[in-house]
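Residues take their numbers from the sequence shown, with the count starting at 1. We use all heavy atoms of the structure for the numbers below, so side chains are in, but hydrogens, waters and symmetry mates are not.
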Amino acid sequence: MENIEAIEARLWRAADLLRSGSELASNEYFMPVMGLIFLRHAYSRFLAVKPEIEAKLPTRGGIKRPLTKEDFSQKGSIFLQPHAQFDYFIEKADDPTVPQIIIAAMESIEEDYDGLKGVLPKQEYQSIPPDLLGDLVRTLNPEELKKVSGDVFGRIYEYFLTQFADQKAHDAGEFFTPISLVSFIANVLEPTHGTVFDPACGSGGMFVQSARFVEKRHENPSQKLTFRGLEKNKTTINLAKMNLAVHGLEGDIQQALTYYDDPLNLFKKCDYVMANPPFNVDEVDADKIKNDPRLPFGLPGVTTVKGKKNGDTKAKGRVQNANYLWIQYFYSYLNDKGRAGFVMSSQASSAGRDEAKVRQKLIETEHVDIVVAIRSNFFYTRTVPCELWFLNKAKPKQCQDNVLMLDTRNVYRKVTRKIYDFSPEQLQNLLSIVWLYRGEPERFRALVGSYLNRTKTEATEVPALLQTFIQVTDALLKLTSPFLATLPEGGAHCEPKHEFDGALRIFRKNASAFEEAINKLPAPKEHDAACALRTATEKASPTAETGRDLAKQADHIFKLLGRILDLCQKELDAKEHESWNARDITRARKACDEARHSLVEQLRQVRYFHRNAVWLVERFPDAVLVDVPGLVKLVTRKEIEKNDWSLTPGRYVGIAPEEVDEDFDFEEALKDIHLELEGLNGEAEELASTIAKNFEELVG
């Protein structure tokens, strides 16, 4: 859906404004809001699958049997009683009993789903004034989202999680791992069957992304995967169960502190382990875990601390850093063919002393598979960089002596001035390197082919937009022609019109060339060889370049039209004449701007998909894994040993050659700088206000 980011931000601002007008703190508001988004998200998925389910219901005596929760579970959704459907809340939004109505809805869902008993927020709604709650219900049901397709409310659910994480409304945001990273982990592990375990499961994002991977294979994740998890915080467990339920999933998630407890008894039993554990924890009791079978490589360094509580003077052993406890847990939970993928502190890959000894033992198992460096600002509450580690107890023979080092710090998309992520195409490009490493070049070639086919598909949408832009441009120019005709030939005032005429001639010529080139664009087949894909990519380059030029020319033409309008109004006194219709001019100018915007965005899509194909074929021209400076290197165990058993990708891949960005947009860069400056100024004002308030309290 277009503009989803803007809609998400608007919904959050509206909801947060309601909170600020109440007596509720962020942490008190957190679960009630997430409960309502859960209900709206559940209703969205319910409506999406209901027609298909009803169409296939068996009949007896001409009467269809009633809907059941089993019908919806098979479609990745949950069944909702009529009084638990969001439209019913909208009808009752002004009812003073709306808190009780929502509580009754939550109770009905818990009655239908045993796994949600005691999980959903209920009594919390009693603390929210009915009028505020009614406004919140309406806020979370915007008109433009009522008929959308796809998992839009899933995105909004995830967006609200990130915003609450940013506000530190719960556990300093540790319950939420950015979708980019979770998706990366799931798509590298490719969980197709068996047990998926997350011993630090937070809000359950690893489970949801695993299910999505199975769904893309047109299979039912509930039949293929079993989800098991541990989490220390009861509220976060409820959040995880809600997240699973809204996707039609169930999981066994238990409350436990993984360092000391193992209630699920999954030692050596898991097919997949996925996690984002807390980084650099230093207060784990060494005496309690020293004989733990889940730590096959030993404790990663212990410090001695004298007891000071209740007169206890006995020295206590504390693990200096728990990172290598977590790494060993993930390894130990895997069965003989299991795979693990997890987020890890960048410090861990080159940590020294006892941690280095543990790392050496792990590497010597030949089960370390891939290490990925992620730049800073991917997390919502931490700006530090991190890494993704992948273990594989069933590495193919050709990979056993190697570790794939992937440095993605130069691959990112800027979402806001604070947050980065991977675009869907960037994620696919990085995954395609893993496919080459695993000896699956056909998947790599298919991805390149898909980009080239998408380039052609997007290009075929351009001619109609070109014609529209030319038509509305002519229409706007026609409105100014009576005044431009009064200009003396050869005068300085004629320059904007002459410049415009020249620009439009070049634009029309390039537009015709672009339309002719579309039919010559290659359409790669599924099994095309690498050399054919290289040739196809090269053949598509002139069209993509012409598209880039057309976009710049369209922008330039619109600016020249603006100068012509200024000339008419300021120099020729057009406003004083009856034939100057300001309303028509405004309407025509708006139509021209909209046509320009649509055209430029479509041309950018053409170039965007072509550039993704170029990115792949330039680095891997033969669809074979090769070392690419600054990006990827296949490292042997001997190389790792020579480098003190370091697993830091940047230590091996080197530095990427500097690239010139041909599409650098100076004006866009200035806008970004301006937005960043505005944000910093806002933060400075907020900080100054807080300091002043604190000072008043101190002196008062």
Enquirer: Within a radius of less than 6.0 Å around CZ of Arg60, do more than 12 heavy atoms belonging to other residues, nucleotides or ligands occur?
Expert: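 Atom CZ in Arg60 is not packed in, count stays at 12 or less.
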Enquirer: Under the 6.0 Å and 45° cation-pi test, does Lys414 pair with Tyr420?
Expert: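 Verdict for Tyr420: no cation-pi partner in Lys414.
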Enquirer: Could you walk me through whether Asn280 and Asn321 satisfy the side-chain hydrogen bond (donor to acceptor under 3.5 Å, both in side chains) test, starting with their C-alpha distance in whole Å, then the side-chain angles of each, then the deciding distance to 0.1 Å, before giving a yes or no?
Expert: CA-CA 5 Å; Asn280 306 319; Asn321 190 311; 3.1 Å; yes
Enquirer: Any side-chain heavy-atom pair from Pro58 and Lys64 closer than 4.5 angstrom?
Expert: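 Answer no - side chains too far apart.
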Enquirer: Is the NZ or CZ atom of Arg294 positioned over Tyr329's six-membered ring, under 6.0 angstrom from the centre and within 45° of the axis?
Expert: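 That pair qualifies as a cation-pi contact.
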Enquirer: Can the ring centres of Phe330 and Trp389 be said to be less than 6.0 Å apart?
Expert: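 Between Phe330 and Trp389, the centre distance exceeds or equals 6.0 Å.
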Enquirer: Verify the ring-centre separation between Tyr43 and Phe86: is it less than 6.0 angstrom?
Expert: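 No - the distance between ring centres of Phe86 and Tyr43 does not fall below the 6.0 Å cut-off.
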Enquirer: Classify the side-chain pair Glu111/Gln81 by whether it contains a donor and acceptor separated by less than 3.5 Å.
Expert: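 No, Gln81 and Glu111 have no side-chain donor paired with an acceptor closer than 3.5 Å.
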Enquirer: Taking the side chain as every heavy atom from C-beta outward, state whether Val319 and Ile289 have any atom pair closer than 4.5 Å.
Expert: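 They are in side-chain contact.
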Enquirer: Checking Asp71 against Thr68: is there a side-chain donor and acceptor pair closer than 3.5 Å?
Expert: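 Yes, Asp71 and Thr68 have a side-chain donor paired with an acceptor closer than 3.5 Å.
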Enquirer: What about Phe46 and Phe72, are their ring centers closer than 6.0 Å?
Expert: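 Yes, the ring of Phe46 comes within the 6.0 Å limit of the ring of Phe72, centre to centre.
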Enquirer: Any chance you could lay out the side-chain hydrogen bond (donor to acceptor under 3.5 Å, both in side chains) test for Asp262 and Tyr333, step after step, and finish with the verdict?
Expert: CA-CA 11 Å; Asp262 189 22; Tyr333 282 120; 2.9 Å; yes
Enquirer: Look at Asp112 together with Lys69 and state whether they make a salt bridge at an N to O cut-off of under 4.0 Å.
Expert: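 Salt bridge flag = no for Lys69 with Asp112.
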Enquirer: Centroid separation under 6.0 Å, is that true for the rings of Phe422 and Phe378?
Expert: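 Yes - the distance between ring centres of Phe378 and Phe422 falls below the 6.0 Å cut-off.
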Enquirer: So does Lys268 have more than 12 non-hydrogen atoms from other groups sitting under 6.0 Å from NZ?
Expert: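 Not more than 12 within 6.0 Å, no.
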Enquirer: Could you go through the side-chain hydrogen bond (donor to acceptor under 3.5 Å, both in side chains) check for Gln126 and Gln100 one step at a time?
Expert: CA-CA 8 Å; Gln126 297 281 23; Gln100 289 74 34; 2.9 Å; yes
Enquirer: Inspect the contact between Asp261 and Lys232 and indicate whether a charged nitrogen and a carboxylate oxygen are less than 4.0 angstrom apart.
Expert: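 Result for this pair is no, no salt bridge flagged.
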